[in-house]
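The structure appears below as structure tokens.
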Amino acid sequence: MKQALADALQSRGYTDLTPVQKAVTEPGLEGADLLVSAQTGSGKTVAFGIAIAPAILAESDSFDAAAAPLALVIAPTRELALQVKRELSWLFAGAGAVLASCVGGMDMRDERRALARGAHIVVATPGRLRDHLTRGSIDLGALRAVVLDEADEMLDLGFREDLEFILGQSPKERQTLLFSATVPKSIATLAQKYQRDAVRVSTRAEESQHADIEYRAMSVAPQDAENAIINVLRYFEAPNAIVFCNTRAMVSRMTTRLSNRGFSVVALSGELSQAERSHALQSMRDGRARVCVATDVAARGIDLPNLDLVVHAELPSSHESLLHRSGRTGRAGRKGISALIVPPKSHKKAERILNSAKVRATWGPAPGADEVIAQDEARMLADPAWHEAITPREQEAVAKLTGHFSAEQLAAAYLRLRAERHSAPEELSAPGAKPEPRAPFGPSVWFSVSGGRAAGAEPRRLLPVLCNAGGITRDDIGAIRVRDDMSFVEIRATSAKYFMDSIGPGGTIEGKATVTQLDRAPDFVKTYTSAHPSKPAGTPKSTKPAGASRYAKPEGAPKHARPKPKTKSETAMDDGALVAKRGSKAKPHKSDYLKGPPPPKSKPNSKKNRARAAAAKESAKSAPRGKGGPKRGTP
């Protein structure tokens, strides 16, 4: 190993190399093409940095002036690419390396200027790197080493064509390293095409679950899935935690729910810009946020310090996703928890994914409210602050408190103040319990809220806002009706006064929406108390006499004497639109249906008309049938 890299590892506290790092430094592998399979979080970024060092540094321990890149690292996502750049920066800092990145979502002009100034190592995503190649802003002619990180993920994301284009632009005499969590047939084919006599390197971590991750599968009732997530976060109280969801909508929902419960939370999904995603991750790193709610876009390439807990709010689609999600924790020797929230309908899917991933999970219920409270007490009593000596600075305040309050009062006040800083745990039902039917709402009061659909109002958005502003719970709210320009909310009568007092004299929520109490329910709300939702109490189902038939005969009509249905002609005559008289043999023509009375006609049997009809018939017989002849039926 190069001395500059050894010094960097020592300064970062590395005492032993991880299995994958040891594997790539085996004698005889220097400069060789490698196909490496290792689990995420196993230290592979440092591993391929060590592996390419001999090729890009040659016989020297430091780099010359930066020019065309000597090494290229390609990663599937921008988060992973930027993380790789950070890791290689400190690893090669002692050798004077200059690094540049080319990732989507960043300013391409800044990247072009950085490439023009020169860089020894370039870290890039496939699409952006191909853009730079087609624009001529990067030259790969001096490359000595190429690394494909998370190669299986890049192929899954459809980057095969981009990778083949990039590798085709690279020198053939180069060292090529492929790092992949798994080695399916597609990866083997890529290795055979673009590597020379590649050496297959695998570690034990590939064949068994990560030793530092404890998997827990938690069975929950269908209605308690979100409450269970709150209890899991409260039970472990991890410095950093990630809650994984499958959709952006679920990310938005969980972020709002956790924020309303007092958690410092950020969201991370594909719809956010690169700047927003970077800001969210930085909030987690510097401690401003402790919970990140994310889609699988965060499953790869995110390395957060003190990330001890991963919660799968929704089960991943495959065992690979489970491993990559869970791999965000248990890194660099730290222990981690991967908790799966499993409602009854997802039980078999969870077992299938765990078996496919070859991991063993401990099954059990999610922690209940009593367990969370007990864990809080255990953490409180284990705090070393209890055994620390009172400092002179604290002595005066301590004397005041002990002089004014008893020990019981001080303890009770401490517990209350401590509880205010934590969200209260949720009561959970038994995993197989069915949701209880909602009790009758009872007397209620209606309120109007300015702003409707035109202002973007929705029941799911109004509910948490009303609860927070009015100091009530969702059980105190009945119906929510949103119109185009106004919204209406039903609140339990016993909570209505407290609701208005909490909002204040201005009657505004969110600083702009005005809340007004109504004297009665809105006109469009039905207030019937009968079992039928659309009819007042006592309204009969039909106005006909009991036993009456829809085909009943008129009173006094003889047996079998039903009214004969009218024909179309008769119906038209009744409307005054049919010219033909009833009983006429002539069938009515569509031209007979006129708005007004027809013009008078001559008698059809007159001598004059018979002579005219005979002449027309003779003329039609003698006329030629070609183009120039008269049309059929014309006199």
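The first residue in the sequence is number 1, and the count goes up from there. Everything quoted here is computed from the prediction, not taken from an experiment.
- Rounded to the nearest 0.5 angstrom, Leu148 CG and Met154 CE are separated by 4.5 Å.
- Defined by atom type and a distance below 3.5 Å, a donor-acceptor pair is present between the side-chain atoms of Asp7 and Gln3.
- Checked by atom type and distance alone, the side chain of Arg461 never pairs as donor or acceptor with a backbone atom of Glu458 at under 3.5 Å.
- At a threshold of 4.5 Å between non-hydrogen side-chain atoms, the residues His347 and Ser219 count as touching.
- Side-chain atoms of Arg261 come within 3.5 Å of backbone atoms of Ala424 as a donor-acceptor pair (strictly under, hydrogens ignored).
- For Thr329 (side chain) and Leu307 (main-chain N/O), a donor-acceptor pair under 3.5 Å exists by modelled atom type.
- Pairing each heavy atom of Leu99 with each of Leu88, the nearest pair is CD2-CB, 3.6 Å.
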Checklist entry - Do Thr362 and Tyr215 pass the side-chain contact (heavy atoms from CB on, under 4.5 Å) test, and can you show the C-alpha distance, the side-chain angles, and the key distance before you say yes or no? => result CA-CA 6 Å; Thr362 302; Tyr215 286 84; over 6 Å; no
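- Ring geometry, Phe244 versus His312: the interplanar angle falls under 30°, so the pair is classed parallel (tilted spans 30 to 60°).
- Annotation: side chain of Cys245 is in contact with side chain of Met254 (closest heavy-atom distance under 4.5 Å).
- Residues Val310 and Arg328 come closest through the heavy atom pair CG2-CB, 4.3 Å.
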Checklist entry - How far apart are the C-alpha atoms of Arg200 and Ser37, what are their side-chain angles, what is the distance that settles it, and do they pass the side-chain contact (heavy atoms from CB on, under 4.5 Å) test? => result CA-CA 8 Å; Arg200 178 80 163 82; Ser37 58; 2.8 Å; yes
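- Judged by distance alone, the side chain of Glu426 and the main-chain N or O of Ile230 form no donor-acceptor pair under 3.5 Å.
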Output side-chain donor-acceptor pairs under 3.5 Å for residues 130-139, partner residues at least two apart or in another chain, one line each.
| unit_1 | atom_1 | unit_2 | atom_2 | d |
| --- | --- | --- | --- | --- |
| Arg130 | NH1 | Asp162 | OD1 | 2.9 |
| His132 | ND1 | Ser137 | OG | 2.7 |
| His132 | NE2 | Glu111 | OE1 | 2.9 |
| Thr134 | OG1 | Arg130 | O | 3.2 |
| Thr134 | OG1 | Asp131 | O | 2.8 |
| Ser137 | OG | His132 | O | 3.2 |
| Asp139 | OD1 | Gly141 | N | 3.0 |

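- For the pair Val73/Thr45, no side-chain contact is recorded, criterion being any heavy-atom separation below 4.5 Å from C-beta on.
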Donor-acceptor contacts under 3.5 Å from residues 263-270 side chains, at least two apart:
| unit_1 | atom_1 | unit_2 | atom_2 | d |
| --- | --- | --- | --- | --- |
| Ser264 | OG | Arg290 | N | 3.2 |

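- Of all heavy-atom pairs between Ala369 and Asn231, the closest is N-ND2, 4.0 Å.
- Considering only heavy atoms from C-beta on, Ile52 stays 4.5 Å or farther from Leu70 through its side chain.
- Residues meeting the side chain to side chain donor-acceptor pair (under 3.5 Å) test with Arg248, sequence neighbours left out: none.
- You'll find the side chain of Phe92 reaches within 4.5 Å of the side chain of Leu5, heavy atoms only.
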Checklist entry - Given Ser429 and Gln223, is the side-chain contact (heavy atoms from CB on, under 4.5 Å) satisfied, shown in steps? => result CA-CA 8 Å; Ser429 307; Gln223 69 274 16; 3.6 Å; yes
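- Applying the side-chain hydrogen bond (donor to acceptor under 3.5 Å, both in side chains) rule to pairs touching residues 249-258 yields Glu226-Arg253, Glu226-Arg257, Asn227-Arg257, sequence neighbours excluded.
- Closest non-hydrogen pair, Ala32 versus Leu177, comes out as O-CD1, 4.3 Å.
- Between the CD atom in Glu214 and the CZ atom in Arg360 there is a gap of 14.0 Å [rounded to 0.5 Å].
- Distance alone, capped at 3.5 Å, is enough to place a donor-acceptor pair between the Arg144 side chain and the Ile56 backbone.
- Interatomic distance, SG of Cys292 versus CG of Leu281, reported as 6.5 Å (0.5 Å rounding).
- Partners of Glu161 by side chain to side chain donor-acceptor pair (under 3.5 Å), not counting sequence neighbours: none found.
- Residues passing the side chain to side chain donor-acceptor pair (under 3.5 Å) test with Arg196, sequence neighbours excluded: Glu173.
- Distance alone, capped at 3.5 Å, places no donor-acceptor pair between the Arg128 side chain and the Gly104 backbone.
- Between Pro344 and Pro431, every side-chain heavy-atom pair lies at or beyond the 4.5 Å cut-off.
- Nearest approach of Ala47 to Val24, heavy atoms of both residues: O-CG2, 3.5 Å.
- Distance check, rounded to the nearest 0.5 Å: OG of Ser338 to CZ of Arg325 gives 9.0 Å.
- The line from CG of Asp110 to CG of Leu115 is 11.0 Å long, rounded to the nearest 0.5 Å.
- For Glu351, the CD atom sits in a packed shell: over 12 heavy atoms of surrounding residues, nucleotides or ligands are nearer than 6.0 Å.
- When atom types are taken as modelled, the side chain of Asp197 and the backbone of Asp33 share no donor-acceptor pair closer than 3.5 angstrom.
- Between Phe179 and Val147, some side-chain heavy-atom pair lies under the 4.5 Å cut-off.
- Inter-residue side-chain proximity for Leu322 and Leu354 is flagged as met; some heavy-atom pair is nearer than 4.5 Å.
- Although no hydrogens or angles enter the test, the distance criterion places no donor-acceptor pair under 3.5 Å between the side chain of Gln192 and the main chain of Thr189.
- Nearest heavy-atom pair across Glu87 and Val46 is OE1-CG2, 4.0 Å.
- Of the possible polar contacts, one joining the Ser11 side chain to the Ala8 backbone as a donor-acceptor pair under 3.5 Å is found.
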Checklist entry - Asn246 and Ser317: side-chain contact (heavy atoms from CB on, under 4.5 Å), yes or no, with the steps? => result CA-CA 8 Å; Asn246 292 341; Ser317 57; over 6 Å; no
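- No more than 12 heavy-atom neighbours from other residues, nucleotides or ligands sit within 6.0 angstrom of NE2 on His279.
- Salt-bridge formation is not detected for the pair Asp16/Lys22: no Lys NZ or Arg NE/NH1/NH2 atom is positioned less than 4.0 Å from an Asp or Glu carboxylate oxygen.
- The side-chain contact (heavy atoms from CB on, under 4.5 Å) with Leu72 is formed by just one residue from the set Val123, Leu129, Ile121; it is Leu129.
- Expressed to the nearest 0.5 Å, how far OH of Tyr194 lies from CG of Leu167 amounts to 6.0 Å.
- Side chain of Ser346 to backbone of Val342: no donor-acceptor contact under 3.5 angstrom is found.
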